[in-house]
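We name chains A, B, ... by the order of the sequence lines, and we start the count at 1 in each one. These numbers come from a predicted model, not from an experiment.
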Amino acid sequence: MAATLADLRVPVEADVDVVAARQQGRAVAQGIGMPTSLQTMVATAISEVARNMVVYAGKGEIMITEVTNGARRGIKVVARDSGPGIADPVLAMRDGYSTAGSLGLGLPGARRLMDEFELVTAAGEGTTVTMCKWSAE
Amino acid sequence: MGVPILRQGRMLIASVPASADDQDLRQLQRDLASAVSATGAAGVVVDVSGLDVLDSYATRVLETVSQVVRLRGAETVIVGIRPEVAMAMVQLGVTLETVRTGLDLEEGIGMLARGDTVGGGDLG
């Protein structure tokens, strides 16, 4: 995959940043010609990981990049924080798991919304979620 | 920012703006609980047609609003979920099964007036 545009970096520290991150993601998705339905999936996935950042890490950064794979155009989202990390990532990727008494971390949902998904994390070592979605064309 | 709550007879109508964040939704939850008590409203319509994303947190808040409102003797209808938002919600696994939904404001108000909700009752 080759990045075609300068990275868009969105600092995430508060609730309002979660909205900003997903709006930026939607803008990039729209820019590469994704239909509204796919744009919404990207924006929703970004919303989930951005909120995790605010709730569990306090702050982090989301990088949104346009990517290409041959003729296909896509969007790559990297959500990185230096927070407490996730002690049991396998458990976190299971639907319904949560440490905060809520429905869950939203990670399995974000994975379903995107085409590619990678979680890199460890207790005390922060969390990085990398996800991609390809335009249908 | 806050979400404005309008009163129409025994109904309360809240239209959530596009830029509402988690804090605004939490505030709306508190404001609706207070408003139901203060006005003796029997029905609440929450219009989310302005939202281009409904994620797990927003959905949870809407479910909580519905439960709190019901404990205060009123019914809630969520209206205006966009088709692409509905599709993303299903993928995400949040389906608002415990909350009544309607297509738009008119339908939501009609449902409450006819008593077409879980708790029943006539607001007409």
Side-chain angles (χ1 to χ4, degrees), chain A residues 10 12-27 29-30 34-56 79 92-98 100-115 117 131 133 136, chain B residues 1-4 14-32 46-68 78-99 101 103:
Chain A
V10 184
V12 175
E13 273 185 74
D15 292 336
V16 63
D17 299 329
V18 173
V19 175
R22 69 193 196 204
Q23 284 174 341
Q24 297 278 30
R26 178 182 291 278
Q30 189 171 33
M34 272 190 181
T36 313
S37 54
L38 298 191
Q39 293 174 34
T40 301
M41 292 183 184
V42 170
T44 307
I46 290 175
S47 197
E48 296 290 334
V49 298
R51 173 174 307 101
N52 282 351
M53 219 172 253
V54 173
V55 171
Y56 296 102
M93 289 305 299
R94 191 178 300 163
D95 276 307
Y97 171 73
S98 167
S102 56
L103 276 180
L105 288 176
L107 292 179
R111 182 176 61 182
R112 280 191 294 274
L113 287 166
M114 302 294 279
D115 295 330
F117 185 97
M131 38 192 200
K133 192 155 188 84
Chain B
M1 180 207 337
V3 178
S15 293
V16 185
S19 51
D21 61 21
D22 290 1
Q23 196 172 355
D24 297 318
L25 294 177
R26 285 192 292 271
Q27 188 62 46
L28 173 64
Q29 187 180 302
R30 290 190 287 267
D31 291 347
L32 277 173
V46 181
D47 181 359
V48 298
S49 59
L51 293 181
D52 67 335
V53 169
L54 262 179
D55 59 20
S56 64
Y57 187 84
T59 305
R60 195 152 53 242
V61 170
L62 291 176
E63 285 172 340
T64 304
V65 162
S66 175
Q67 287 159 9
V68 169
I78 308 297
V79 303
I81 299 174
R82 300 181 188 176
E84 64 271 13
V85 172
M87 278 168 29
M89 286 171 69
V90 171
Q91 287 279 74
L92 195 54
V94 291
T95 52
L96 279 178
E97 277 166 26
T98 63
V99 184
T101 57
L103 188 64

* Contact class of A/Val18 relative to chain B, heavy atoms under 4.5 angstrom ->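 No part of A/Val18 comes within 4.5 Å of chain B.
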
* To do: Over all heavy atoms of both residues, which pair between B/Ala88 and A/Thr44 is shortest? Give the atoms and the distance, please.
  =>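 Nearest heavy atoms, B/Ala88 then A/Thr44: CB-OG1, 3.8 Å.
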
* Asked: Just how far is it from atom CD of B/Gln91 to atom OG1 of A/Thr40, taken to the nearest 0.5 Å?
  ->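 The CD atom of B/Gln91 sits 12.0 Å away from the OG1 atom of A/Thr40.
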
* Asked: Just how far is it from atom CE of B/Met89 to atom CG of A/Leu113, taken to the nearest 0.5 Å?
  ->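 Reported to 0.5 Å precision, the distance equals 11.5 Å.
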
* Asked: Per the side chain to side chain contact (heavy atoms under 4.5 Å, CB included) rule, which among A/Arg112, A/Glu48, A/Met41 passes with B/Leu92?
  ->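 Per the side chain to side chain contact (heavy atoms under 4.5 Å, CB included) rule, the option paired with B/Leu92 is A/Glu48, out of A/Arg112, A/Glu48, A/Met41.
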
* **Sole residue of A/Gln39, A/Arg22, A/Arg26 in side chain to side chain donor-acceptor pair (under 3.5 Å) with B/Asp52** =>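 Exactly one option meets the side chain to side chain donor-acceptor pair (under 3.5 Å) with B/Asp52, and it is A/Arg26.
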
* To do: Sort out for me which of A/Ala20, A/Ser47, A/Ala43 touches chain B most, counting heavy-atom pairs under 4.5 Å.
  =>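 Answer, by heavy-atom pair count under 4.5 Å with chain B: A/Ser47.
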
* Could you pull out all residues at least two apart from B/Arg26 that satisfy side chain to side chain contact (heavy atoms under 4.5 Å, CB included)? =>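 With neighbours one apart ignored, the set is A/Asp15, B/Asp22, B/Gln23, B/Arg30, B/Tyr57.
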
* Asked: Under the side-chain contact (heavy atoms from CB on, under 4.5 Å) criterion, do A/Thr36 and B/Arg82 qualify, and how do the steps go?
  -> CA-CA 11 Å; A/Thr36 313; B/Arg82 300 181 188 176; over 6 Å; no

